[in-house]
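To start, the structure itself, in structure tokens.
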Amino acid sequence: MGISMKDQTAANKHPKAGKKPSRELEAVTIRFAGDSGDGIQLTGGQFTNSTAALGNDLSTLPDYPAEIRAPAGSLPGVSGFQIQFSSRKVLTPGDRPQVLVAFNPAALKVNLKSLEPGALIIANKDAFGEANLKKAAYEKNPLEDGSLSAYRVLAVEMTHLTEHALADLKLARPQVERCKNFFALGIMYWIYERPLEPTQAWIRGKFAKRPELMEANLRALQAGHVYAETAEIFEHTYRVKRAPIRPGRYRNIMGNEAAALGLVAASRLAKKELYLGSYPITPATEILQFLSGYKGHRVKVLQAEDEIAAVCSSIGASFAGCLAATSTSGPGLALKSEAMGLAVITELPLVIINVQRGGPSTGLPTKTEQADLFQAIFGRNGESPLVVLAAATPSDCFTMTVEAARIAIKYMTPVVMLSDGYLANGSEPWRVPTLDELPKFEVPSAGEPAGFAPYKRDPKTLSRPWAVPGMPGFEHRIGGLEKQDVTGSVSYDADNHERMSRLRAEKIARVADEIPSTQVLGQPSGKVLVVGWGSTYGAITAAVQSLQAEGQPVSSIHLRNLWPLPPDLGSILKRFERVLVPEINLGQLLFLLRERYLLPAVGLNKVKGQPFRVDEVRQGILEQLQAKG
Amino acid sequence: MTDKNAPVEKKPLTRQDFVSNQSVRWCPGCGDYAILAVVQKTLAAVGIPREKTVIVSGIGCSSRFPYYVNSYGFHTIHGRAPAVATGVKLANPDLQVWVVTGDGDGLAIGGNHMHHILRRNPNIKILLFNNRIYGLTKGQYSPTSEKGKITKSSPAGTIERPVNALRFALAAEAPFVARAVDTDIVTMGNVLERAARHKGVSFVELYQNCVVFNDGAFEEVEDSATRDDFTLKLEQGKPLIFGKAKDRGIRLREGRPEVVTFKPGEPPKDILVHDEQALPSYQYMLTQLEPPDFPAPVGVFRAVSEATLEDLMESQFKAAMKPGADDLYKLMCGRDTWEIQ
């Protein structure tokens, strides 16, 4: 099937002028999948940008292998990118894709079981040769053997058609092949009536210095678009209307970039220079990478020799007056625990961003989990209280990082901000806030040299003064040995140790005064209350809302403050007959709630390295709704 | 190599200005007392105000040091002082930062961090008190304990080859490497002042006698009867001559050092001349000189100039400084945004 240049030009002028009828959809979930070398994440990212530009709400989830480049065509090498977009509020990247774009047999095999019944599969027919089928452990070609009869299958010769469109460009074959993802993108843009312009602009910028590649990718995109319009395969195009979204300037944001930006914003609010000590670790590394690029903002970044040095250098920077942070994932948090105890006893502000992944040990580095809650709250020697917060969505990583820094400084304490792999790499539209929309920071004053004592506390917050080297008259020594109350001198006195232990605990307990009243989604009392924290927010909220729409007596709350817990939590929990706690772990918040409030709460637990699907949470809630007694 | 920007207080500082109100609690006769006094004197001589001085330590006997100096101080956790100090220095390059550590703190649990601070070259002064034993935990062998040493944790003698602190520092290409002995406070004073004025990371090994758990570890170089014969004082541009009568020197024979004896005042021409800027292989050779076959060299082994970590960081900030480069809203918007009306 050939496509003439004339056709392309016509389509370029009228990119939405498809002659086929258009149907309206409320929400669509699409998954792109292929080799990690196929440019899947890039393709997904482009689709996301074009979708965002249309004003749809959306949520995305990349899913890539732990190996940098697993063998091409192999099952472990499959990389995926999922997006749900809608004319309503979108809470998750979608349970089951209605469309799978599969660039090879392995991508089809890995993703088939997660598709919605009757889903559309758009496969690159050219990649279903004998060798690739064998690598994916297919005995027969699934595109031909009838095994996909439950789906709508569209086998497109993407590679061939791309080659055809680029025939006169005299490019090497691998370069031509690499353009096929834009061909696929062109098809998707036509089906879902997305504009080509954002991607065309991106290609022009990206390949400004390689005009032949610019032309090749533009042509591939166009060719895919024209193919979809011309081929007698699609009966309709689909339209997803603009979502009702608060006016403002938006961007698409992933959790790790949001956390990095949160630190920069916090440093501006605190009027302190920002310091990050960090060590690369999946899935937190990007926080280090983003911050090391912000040279114009004077972000001081040390890529330390290990996790311990990373946090220790941050503690040193905090002592010397920076807003200091460290970013890590579970195994790194374990290594940092002794130093976090040092920050507890020296009462220095410190933000620890922990992007959770599957554990224990090295575990599942690229997969998500919520199993570091205990480690964050309790994982240190001695009575070692600190504050633990958790972000609920990718953009909430910004909000909660700012909040972590605000509390760390106001209370002179380390604060752990929990994110996870799902939030780190997932994305959603974010209305970019201005500084004056963000909370004010209170920085503990050092007072006057005359009455200064390093552990003389603010009577309200119990925080100690932050006197930093360079300030004359405030010279003092701190360290990991127990401190004498007020003076901060080394003390082995028994009564003093108990007093200081209780003071440190009380200081953290008082952070509860900062927590806004807990918002209940739904009725303030009833049969079932779902209690979530962290990245399960989207799945829980979508499940609860759908059941509420059916008239079911279920409500939900979502915790962002994990330690201390919100002061009104106990009274809310008691207003419901049953409490269900969905977590991507074996029941850690559940344990806390049962211990704290002596409630027979039950867990809904999953540890598969994957987030909850909405239907899984729905099912768990339904079981509670139907339970007797 | 001298930090010319070091601010100097108007009223000259004295040692007493750096004495804190804490009573010093080391064992009677511990070498640490002498080192403390010389450090306080050095801080006064260098003249950087107390409020701009930060002493950072890890864990061990030596690490009580910050409590005894009236400046800012941070007694951190075992082995991590170099990392904490690096954070202090990067946060505020205007501060004078010293690290006090020991053979266990700096070369066992903290060996990794020691390597990296020497490699990164922040302008931080590192004093490694080497007593070849674990004192605070009451007498186990340390990574510098000699092979075969009998201690509480090596009742049949250690079976590990010790690490040489200076070779460790030279392997990390530390730009300033020196050694002094707790009983020779004149040399120690000179070495510490050189270290303090060197712009860059300075590593000083201090032979320090632990009277309780390892008395006499450096007997040849500490005993007044033998020390002249077992100490080689390094001086830039001067031949390697030692001995009570200044009648012995070091030369190379087939690539190996050897002691040559001569008539005082008439040294042979092939005696090596000390060069702090020579290739590290020369300095490495010096570290191999050990009693009883050789004298132990003391003084500055190596002093070369190299850009500091904090200056390089600042130069990257300067390079990025353009109008609007610190626009936070622009940063938060990223590359692609859209308006919802």
Side-chain angles (χ1 to χ4, degrees), chain A residues 49 52-53 55 198 245-253 257 261 264-265 268 273 275 277 294-298 300 302 304-306 308-309 312-322 324 338-339 342 346 432-435 468-481 489-490, chain B residues 20 22 49-57 59 63 66-67 69-92 94-95 112-113 115-116 120 313 316-317 319-322 324-329 331-341:
Chain A
N49 285 350
I245 298 175
R246 182 180 169 193
R249 177 180 280 208
Y250 282 78
R251 62 165 294 183
N252 199 47
I253 193 135
E257 186 171 6
L261 292 173
V264 184
R268 206 62 69 85
E273 281 194 323
Y275 180 93
Y294 300 160
K295 300 286 182 221
H297 299 262
R298 293 187 59 84
K300 295 179 168 177
L302 181 74
E305 57 271 28
D306 61 22
I308 298 171
C312 283
S313 76
S314 295
I315 291 170
S318 175
F319 177 61
C322 278
E338 185 197 9
L342 178 68
T346 54
V432 184
T434 55
L435 263 194
V468 304
M471 293 169 62
F474 294 90
E475 294 84 358
H476 64 280
R477 275 68 59 190
I478 57 171
L481 287 168
S489 300
V490 173
Chain B
S20 83
Q22 302 286 305
R50 292 187 296 129
E51 72 269 15
K52 292 193 172 178
T53 302
V54 183
I55 316 270
V56 183
S57 66
I59 294 293
S63 292
Y67 295 116
V69 180
N70 189 8
S71 65
Y72 283 90
F74 203 158
H75 179 206
T76 71
I77 47 178
H78 207 6
R80 319 304 173 197
V84 175
T86 302
V88 170
K89 187 69 183 177
L90 288 178
N92 184 357
D94 206 20
L95 301 172
N112 184 25
H113 310 306
H115 174 78
H116 290 281
R120 290 192 180 109
M313 180 176 275
Q316 290 192 340
F317 292 149
M321 217 182 292
K322 290 173 193 114
D326 61 348
D327 183 336
L328 178 65
Y329 189 73
L331 180 76
M332 284 163 57
C333 284
R335 273 176 41 170
D336 301 308
T337 60
W338 65 93
E339 289 284 341
I340 301 284
Q341 304 294 333

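Protein chains get the first letters and strands the later ones, always in sequence-line order, with residue 1 at the start of each.
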(Q) For the interface with chain B, which of A:G316, A:G480, A:G473 has the highest count of heavy-atom pairs at distances below 4.5 Å? (A) A:G316

Q. Checking A:P198 against chain B: side chain, backbone, both or neither under 4.5 Å from a heavy atom?
A. neither

Q) So which heavy atom on A:P469 is nearest to which on B:N92, and how close? A) O-ND2, 3.9 Å

Q) Measuring heavy-atom distances to chain A, does B:L90 have an atom under 4.5 Å in its side chain, in its backbone, in both, or in neither? A) both

Q: State, yes or no, whether a side-chain contact exists between A:H476 and B:Y72 at a heavy-atom distance under 4.5 Å.
A: yes

Q. Is B:L328 close to A:V264 at the side-chain level, that is, under 4.5 Å between some pair of heavy atoms?
A. yes

Q | From A:L342 atom CG to B:H75 atom NE2, the distance as rounded to the nearest 0.5 Å | A | 9.5 Å

Q. Closest approach of B:D336 and A:R251, non-hydrogen atoms and distance?
A. O-CB, 3.5 Å

Q: Identify which part of B:T76 has an atom lying under 4.5 Å from any heavy atom of chain A, answering side chain, backbone, both or neither.
A: both

Q | Minimum-distance pair of heavy atoms, taken over all atoms of A:C312 and B:I77 | A | SG-CD1, 4.1 Å

Q) Would you say the side chain of B:R120 lies within less than 4.5 Å of the side chain of A:L302, judging by non-hydrogen atoms? A) yes

Q | Qualifying residue, where the test is side chain to side chain contact (heavy atoms under 4.5 Å, CB included) with A:R477 and the options are B:N70, B:I55, B:V69 | A | B:N70

(Q) Are the side chains of B:H113 and A:D306 in contact, using a 4.5 Å heavy-atom criterion? (A) yes

Q.
Just so I understand: if I count every heavy-atom pair under 4.5 Å between each of B:S71, B:A325, B:P82, B:A320 and chain A, which residue has the most?
A. B:S71

Q. Side chain, backbone, both or neither: which part of B:V56 has a heavy atom under 4.5 Å from chain A?
A. neither

Q: Counting only heavy atoms closer than 4.5 Å, note whether A:Y294 contacts chain B via side chain, backbone, both or neither.
A: side chain

Q: Return the option, out of B:K89, B:M313, B:M321, with the maximum number of heavy-atom pairs under 4.5 Å with chain A.
A: B:M313

Q) Which one, B:A83, B:A319, B:G324, B:A81, leads in non-hydrogen pairs under 4.5 Å with chain A? A) B:A83

Q: Tell me, for A:Y250 versus chain B, whether the close heavy atoms (under 4.5 Å) come from the side chain, the backbone, both or neither.
A: both

Q.
Donor-acceptor pair, distance only, cut-off 3.5 Å: does the side chain of B:Y329 make one with the backbone of A:L435?
A. no

Q. At a heavy-atom separation under 4.5 Å, does A:R249 approach chain B through its side chain, its backbone, both, or neither?
A. both

Q. So what's closer than 4.5 Å to chain B heavy atoms on A:A324: side chain, backbone, both or neither?
A. neither

Q. In terms of heavy-atom pairs under 4.5 Å with chain B, which of A:G321, A:S314, A:S489, A:P433 leads?
A. A:P433

**Q.** Interface residue of largest heavy-atom contact number with chain A, from B:S63, B:G73, B:S20, under 4.5 Å
**A.** B:G73

Q) When only pairs under 4.5 Å are counted, which of B:G87, B:A91, B:S57 shares the most heavy-atom pairs with chain A? A) B:G87

(Q) Between B:M332 and chain A, with a heavy-atom cut-off of 4.5 Å, which part of the residue counts as in contact: side chain, backbone, both or neither? (A) both

Q.
Can you tell me how far apart CD (B:Q316) and NZ (A:K300) are? Round to the nearest 0.5 Å.
A. 13.0 Å

Q: Using a cut-off of under 4.5 Å on heavy-atom pairs, state which of A:K295, A:E305, A:M471 scores highest against chain B.
A: A:E305

Q: Calculate, to the nearest 0.5 Å, the distance between atoms CD1 and CH2 belonging to A:I245 and B:W338 respectively.
A: 7.5 Å

Q) So what's closer than 4.5 Å to chain B heavy atoms on A:I478: side chain, backbone, both or neither? A) both

Q.
Does any part of the side chain of A:T346, heavy atoms only, come nearer than 4.5 Å to the side chain of B:F74, both counted from C-beta?
A. yes

Q | Interchain contact, A:E273 with chain B, by part (heavy-atom threshold 4.5 Å) | A | side chain

